[in-house]
Amino acid sequence: MTPLDPSTLQAIDRAAALLARARHTVVLAGAGMSKESGIPTFRGDGGLWTVNGEPPLNQYETFAADPRRWWERRLEEAVQPSEFASAIDTAQPNAGHLALAELERIGAVSHLITQNIDDLHRRAGQTSITEIHGNRHWMRCVSCGMRWPKAEFIIDAAELPPRCPQAGCGGIVKSDTVMFGEPIPPEALERCARETRRADCFMTIGTSAVVYPAAGYPIDATRRGVPLIEINPEETPLTPLAVVVVRASSGEALPALIDRLRAHREGSTTAP
Ligand code: APR
């Protein structure tokens with residue numbers, strides 16, 4: 001890994017100064033955080049959709065129109081998982097995930113809103129977290145919102161679509177992953193809005209910030225004068241709103257951020 005250049009180190013130091021002063025920092029994470037775990041991003045350089053084109057945006061409409069057929073296709077695909085699915089299922093948390101969990105542990109990050117469905121933040125030790133696009137390893141009832149770990153939910157291929165076992169429900173059960181066009185569970189939206197209202201510092205990491213409502217939370221925070229830190233090798237629509245821009249990968253920037261934050265907390269440096 002090439003050493004970070006002086007201007008990036010200075011940006012990291014300024015980000016550390018903001019975190020050191022803040023009482024409630026909220027983070028919005030995107031697919032860029034998992035790139036160093038071998039999971040391709042969707043957009044940007046080499047992204048899955050940059051290369052293969054965008055997927056259909058009416059996935060949920062297709063599911064709702066014929067959930068049985070959707071499930072039959074899912075079970076067929078499970079026999080020969082896609083390259084993306086295999087990348088997710090073999091991925092391990094990277095230095096960025098571990099450093100972000102450490103920032104929570106030392107009280108520098110209060111809540112993480114992640115758009116990633118790969119479970120790597122939790123496996124790295126993050127606990128205060130909203131998975132706004134769901135989690136690939138869980139199932140969810142579309143009626144009552146009840147969730148189960150995938151490993152604990154038995155699917156009978158003769159009884160598709162699977163139904164919710166909750167008394168009085170019987171709703172259709174699908175993967176917890178939120179599809180394009182699918183309503184995001186209200187409790188997830190409420191938690192994101194509540195944490196954003198409490199934020200006195202906001203940091204985006206590895207997101208192109210083009211998908212809503214996720215991309216709206218950092219914007220809402222900046223409208224209240226909350227300082228925004230952006231960690232991303234590439235520019236995004238939020239770059240003009242950021243007071244600090246760290247043009248680096250999350251796996252490089254976040255461990256360096258912890259070092260500088262410790263220095264600020266020990267008072268052994270003044271913010272440039
Ligand atoms: N470290 C940090 N950021 C990185 C890295 C890295 N090593 N590599 C790439 N990036 C940045 C890219 O520059 C890009 O801005 O990560 C971002 C990835 O953007 P997207 O692929 O659009 O991912 P994301 O922002 O999470 O997409 C949001 O769109 O398709 C939906 O549901 C999907 O949750 C996803 C949502």
Side-chain angles (χ1 to χ4, degrees), residues 1-2 4 8 11-12 15 27-60 63 82 84-85 87-88 91-100 103 112-121 124 129-136 138 174-185 188-189 192 202-219 228-242 244-257:
M1 198 174 280
T2 48
L4 294 167
T8 303
I12 288 172
V27 172
L28 173 67
M33 273 221 68
S34 297
K35 186 163 177 193
E36 290 152 280
S37 295
I39 300 175
T41 58
F42 300 101
R43 305 172 185 84
D45 188 20
L48 214 55
W49 299 342
T50 312
V51 175
N52 306 323
E54 297 252 340
L57 300 184
N58 63 343
Q59 294 169 331
Y60 190 65
F63 162 80
S82 69
F84 182 64
I88 289 191
Q92 299 300 319
N94 65 54
H97 294 108
L98 296 169
L100 188 55
L103 283 169
L112 167 65
I113 300 168
T114 187
Q115 299 168 93
N116 301 340
I117 61 169
D118 54 35
D119 204 40
L120 293 180
H121 292 294
I129 180 171
T130 301
E131 292 166 314
I132 191 171
H133 293 163
N135 184 316
R136 168 179 173 72
W138 286 70
K174 63 175 282 290
S175 163
D176 184 46
T177 301
V178 175
M179 300 178 193
F180 274 112
E182 180 178 359
I184 293 175
L189 294 177
C192 292
F202 212 105
M203 184 156 63
T204 62
I205 310 172
T207 180
S208 58
V210 294
V211 171
Y212 286 76
Y217 297 115
I219 295 173
L228 175 63
I229 301 162
E230 176 179 80
I231 299 179
N232 193 321
E234 295 177 27
E235 195 165 319
T236 77
L238 297 190
T239 302
L241 301 178
V244 178
V245 174
V246 178
R247 281 280 169 265
S249 74
S250 44
E252 294 170 310
L254 290 170
L257 186 57

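Whatever order the structure lists them in is the order used to number ligands and atoms, beginning at 1. Heavy-atom basis, side chains included; hydrogens, waters and symmetry copies ignored.
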Enumerate, one pair per line, all nitrogen or oxygen atoms of ligand 1 lying under 3.5 Å from a protein nitrogen or oxygen, stating the separation to 0.1 Å; write 'none' if no such pair exists.
residue: ligand 1; atom: 1 (N); partner: Gly32; partner atom: O; Å: 3.4
residue: ligand 1; atom: 1 (N); partner: Ser250; partner atom: N; Å: 3.0
residue: ligand 1; atom: 1 (N); partner: Ser250; partner atom: OG; Å: 3.3
residue: ligand 1; atom: 7 (N); partner: Glu36; partner atom: OE1; Å: 3.0
residue: ligand 1; atom: 13 (O); partner: Asn232; partner atom: OD1; Å: 2.8
residue: ligand 1; atom: 15 (O); partner: Asn232; partner atom: ND2; Å: 2.8
residue: ligand 1; atom: 16 (O); partner: Gly206; partner atom: O; Å: 3.3
residue: ligand 1; atom: 19 (O); partner: Ser208; partner atom: N; Å: 3.4
residue: ligand 1; atom: 21 (O); partner: Phe42; partner atom: N; Å: 2.7
residue: ligand 1; atom: 21 (O); partner: Arg43; partner atom: N; Å: 2.7
residue: ligand 1; atom: 22 (O); partner: Arg43; partner atom: NH1; Å: 2.7
residue: ligand 1; atom: 22 (O); partner: Ser208; partner atom: OG; Å: 2.6
residue: ligand 1; atom: 25 (O); partner: Thr207; partner atom: OG1; Å: 2.7
residue: ligand 1; atom: 25 (O); partner: Ser208; partner atom: N; Å: 2.9
residue: ligand 1; atom: 25 (O); partner: Ser208; partner atom: OG; Å: 3.2
residue: ligand 1; atom: 26 (O); partner: Ala31; partner atom: N; Å: 2.8
residue: ligand 1; atom: 27 (O); partner: Arg43; partner atom: NH1; Å: 3.1
residue: ligand 1; atom: 29 (O); partner: Arg43; partner atom: NH1; Å: 3.0
residue: ligand 1; atom: 29 (O); partner: Arg43; partner atom: NH2; Å: 3.3
residue: ligand 1; atom: 30 (O); partner: Arg43; partner atom: NH2; Å: 3.3
residue: ligand 1; atom: 32 (O); partner: His133; partner atom: ND1; Å: 3.4
residue: ligand 1; atom: 34 (O); partner: Gln115; partner atom: O; Å: 3.1
residue: ligand 1; atom: 34 (O); partner: His133; partner atom: ND1; Å: 2.8

Measuring from atom CZ of Phe42 to atom CG of Asn52, what distance do you get when rounded to the nearest 0.5 angstrom? 12.0 Å
Which distance, rounded to the nearest 0.5 Å, do you find between the CG of Leu241 and the CZ of Phe202? 12.0 Å
Sequence neighbours excluded, the answer for salt bridge (charged side-chain N to carboxylate O under 4.0 Å, His left out) partners of Asp176 is Arg140, Arg147
Residues at least two apart in sequence or cross-chain that pass side chain to side chain donor-acceptor pair (under 3.5 Å) with Thr177, listed by chain then number, are Ser175
Residues Pro185 and Val178: closest non-hydrogen pair is CD-CG2, 4.3 Å
Ignoring hydrogens and angles, write down the donor-acceptor pairs under 3.5 Å from the side chains of residues 91-99, residues two or more places apart or on other chains.
residue: Gln92; atom: OE1; partner: Arg123; partner atom: NH2; Å: 2.8
residue: Asn94; atom: OD1; partner: Gly96; partner atom: N; Å: 2.7
residue: Asn94; atom: OD1; partner: His97; partner atom: N; Å: 3.3
residue: Asn94; atom: ND2; partner: Met33; partner atom: O; Å: 2.7
residue: Asn94; atom: ND2; partner: Ser37; partner atom: OG; Å: 3.0
residue: Asn94; atom: ND2; partner: His97; partner atom: ND1; Å: 3.3
residue: His97; atom: ND1; partner: Asn94; partner atom: N; Å: 3.0
residue: His97; atom: NE2; partner: Ser34; partner atom: OG; Å: 3.4

